[in-house]
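These notes are about the structure you will find just below.
All values derive from a computational prediction rather than experimental measurement. Every chain is numbered from 1, with letters handed out A, B, ... down the list of sequences.
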Amino acid sequence: MIHIENILQKSVSEAFKNLYNTEIEPKNLKFQPTRKEFEGSHTLTCFEFAKKAGKAPDAIGNDLGNYLLKNCLNISKFNVVKGFLNVSISNEYLINFSLFSNAKTNFDFEKNGEKVMVEYSSPNTNKPLHLGHLRNNFLGFAMANVFRANGFEVIKANLINDRGIHICKSMLAYLKFGNNETPDSSGLKGDKLVGKYYVEFEKQLKLEKAILISNGNSEEEADKKVSLMQDAQKMLLAWENGDTKVLALWNKMNNWVYEGFNSTYKSIGVSFDKFYYESNTYLLGKEMVEEGISNGIFYQKEDKSVWIDLTAEGLDHKLVLRSDGTSVYITQDMGTADLKYKEFGINKSIYVVGNEQDYHFNVLFLILKKMGKPYASGLHHLSYGMVDLPSGKMKSREGTVVDADDLVQEMKDEAQKQTTELGKIDGFSADEAEKLYENIGLAALKYYLIKVDPKKRMLFNPAESIDFHGYTGPFIQYTHARICAILRKSNELSISTNVSFESLVLENCERNIITQILLLDKTIKQAAEEYSPSVIANYVYEVAKTYNSFYAELSIFQEKDAQKVAFRVLLSCLTGKVIKYCLEIIGIESPEKM
RNA sequence: GAUUUCGUAGCUCAACUGGAUAGAGCACCUGACUACGAAUCAGGAGGUUAGGGGUUCGAAUCCCUUCGAGAUCACCA
């Protein structure tokens, strides 16, 4: 079945040719949804054609409308208001679309032959995951699904920052103050335990520095003299030199962290196909520096440090290799980008990383482009805004960080509380109920974080996030559960849907749902083009709302006309599939009862 | 200081990328369960899109400017 939008574009293009002898490519005819105060579902603005056609916008609208009415069977009505052409789709088309829809409602369809890697999460191993990571994880996971829905083969990657001064700090504090405690002995999750020693390090460091200052040292002198910091640096050196004791401790503590992370990943429902570890990648990229020097893209200073001049692009000179020959962050990222391409032959590579690193990625991508790397044009930084709290920024130093595990648990508890109050899940086993609370709590949390445009900074309001009414994940889940109840009842009543719909006339609220569902494909494409799962979150909310409106206005089983009953059951079924599919893309489950 | 992102109802967010009278949710007010699930629906109130100027048939969106907020600007990662 050809999509109505393509039909409209093609017909209008023909109209321009026949009426005004003007060539306009179908794809350049952009229809928009009609505002609900006007009749119709698809709108074309006619102002831009006034010059080409040599007529006033209103006249063009009328010409086009009449042409469509005559030549396009799928249009039943039109009206023109101040240069806007609003058209109504015929009953036949909408009914056929609903019955035989090729709207995609699962991931099982043709691949486009392209491969994309989505790197997300990418935590440091010195502290547990927090609210900011949750936005990252939900976005990354959803983005991967968006690409899948667009026919890409997707590799979800996690580049773990497992080495460096940060983990040495935790290790050192653990050695000094840890008394050999373990996750088992302390009853703490592994990542929490290691995080505890990172905090301890910072605390002791502050203490030592304060003493130094009170003994007459200046701030700067104190910074230099602090023994803890010096010890941490020594430890990093020992690590780099392969000191077995240090490596053993490093392995032990990092493994604790991974256990903790895995448990969190599992509970929030995200997963990865490939893990990279910086301890394996941090030396990469040096050959590329050589390559860059030899073909004149990089230059070397007298002190042997290597740089690239990006002033022509409005940026600065950027160091790519230190004077002592060691790598910096960007060297490693160059190497890793290369590695990813060589390992997977990816066409696109997405980095889900906060917008504080915008400059870094600008520089990175520019360097790779200047080096003429074949994958350079497929690189994209999915830059997302920070998550603020009502009290302001999250700051680990001030203890205002919202822990991911705690938050998930709170959402689950809240789901349990509200579900129990409503008393709608009689007959659920304890396990089923538990699963449901998780589903609903996570839905609320995920939806809350995903519905906002990723690029934008957002506010996390705890009170609002646990609201299950209105513009929320549970609202959409509820609509789905309602639909499931309808389908169950339809089965019980043995409603036959195998009837003829020839004389069926659709009600407005039915047309509204179908019109919404017509937008599914476009929405999924848009989400990929804009790197924004929020597009789907907003869309599926509209679908649910439109359905609820229909649900309240019309009865299904009280209806006397058998074809209406059958059609409404089928339409409910289709809507349910669309909702489930969209929620699945953004990582939210669709319970059948709640 | 330089670069950059942003500023929309009391609050949190939309606005199909330059289109119609700027829309939703929360909160507030009114109504609807002896209906197929009220985690719902219908309605009301709430706006000089931070301020000013410009571009044009038409601006929240593009340009200039003022004010305000964030981020980045290390031989850190």
Residues 484-496 of chain A side chain polar contacts: donor-acceptor under 3.5 Å, at least two apart:
from: A:R488; atom 1: NH1; to: A:E592; atom 2: O; distance (Å): 3.4
from: A:S496; atom 1: OG; to: A:N498; atom 2: N; distance (Å): 3.3

One character per nucleotide, please: for nucleotides 3-8 of chain B, 5' to 3', B when the base has a protein heavy atom closer than 4.0 Å, S when only the sugar-phosphate does, - otherwise. ------
What one-letter contact string describes nucleotides 28-34 of chain B from 5' to 3', where B marks a base within less than 4.0 Å of any protein heavy atom, S marks contact via sugar-phosphate atoms alone, and - marks no contact? -------
Quiz: residues 44-57 of chain A side-chain donor-acceptor pairs under 3.5 angstrom, not counting sequence neighbours:
from: A:T45; atom 1: OG1; to: A:E48; atom 2: OE2; distance (Å): 3.4
from: A:K55; atom 1: NZ; to: A:D63; atom 2: OD2; distance (Å): 2.8

I'd like a table of donor-acceptor pairs (distance under 3.5 Å, sequence neighbours excluded) in which one partner is a side-chain atom from residues 355-367 of chain A, with atom names and distances.
from: A:Q357; atom 1: OE1; to: A:Y329; atom 2: OH; distance (Å): 3.3
from: A:D358; atom 1: OD1; to: A:S383; atom 2: OG; distance (Å): 2.8
from: A:H360; atom 1: NE2; to: A:D333; atom 2: OD2; distance (Å): 2.8

Taking salt bridge (Lys or Arg N to Asp or Glu O under 4.0 Å) as the test, write out the residues that go with A:K82, two or more places apart. none
The criterion is salt bridge (Lys or Arg N to Asp or Glu O under 4.0 Å); which residues satisfy it with A:R457, sequence neighbours excluded? A:D388
Which residues pass the salt bridge (Lys or Arg N to Asp or Glu O under 4.0 Å) test with A:E39, sequence neighbours left out? A:K77
To the nearest Å, how far apart are A:Q477 CD and B:A38 C1'? 18 Å
Partner residues of A:K224 under the salt bridge (Lys or Arg N to Asp or Glu O under 4.0 Å) criterion, sequence neighbours left out: none
Ordered by number, residues from residues 465-473 of chain A within less than 4.0 Å of RNA chain B (heavy atoms) are A:D467, A:F468, A:H469, A:G470, A:Y471
Considering only residues two or more places apart or on different chains, which pairs with a residue in residues 462-483 of chain A satisfy salt bridge (Lys or Arg N to Asp or Glu O under 4.0 Å)? none
Pair partner, B:A27 [Watson-Crick or wobble, under 3.5 Å]: none
Is there a donor on the side chain of A:S323 or the base of B:C75 sitting less than 3.5 Å from an acceptor on the other? yes
Ring pair (Phe, Tyr, Trp, His ring centres under 6.0 Å) filter on A:F138, not counting sequence neighbours, yields none
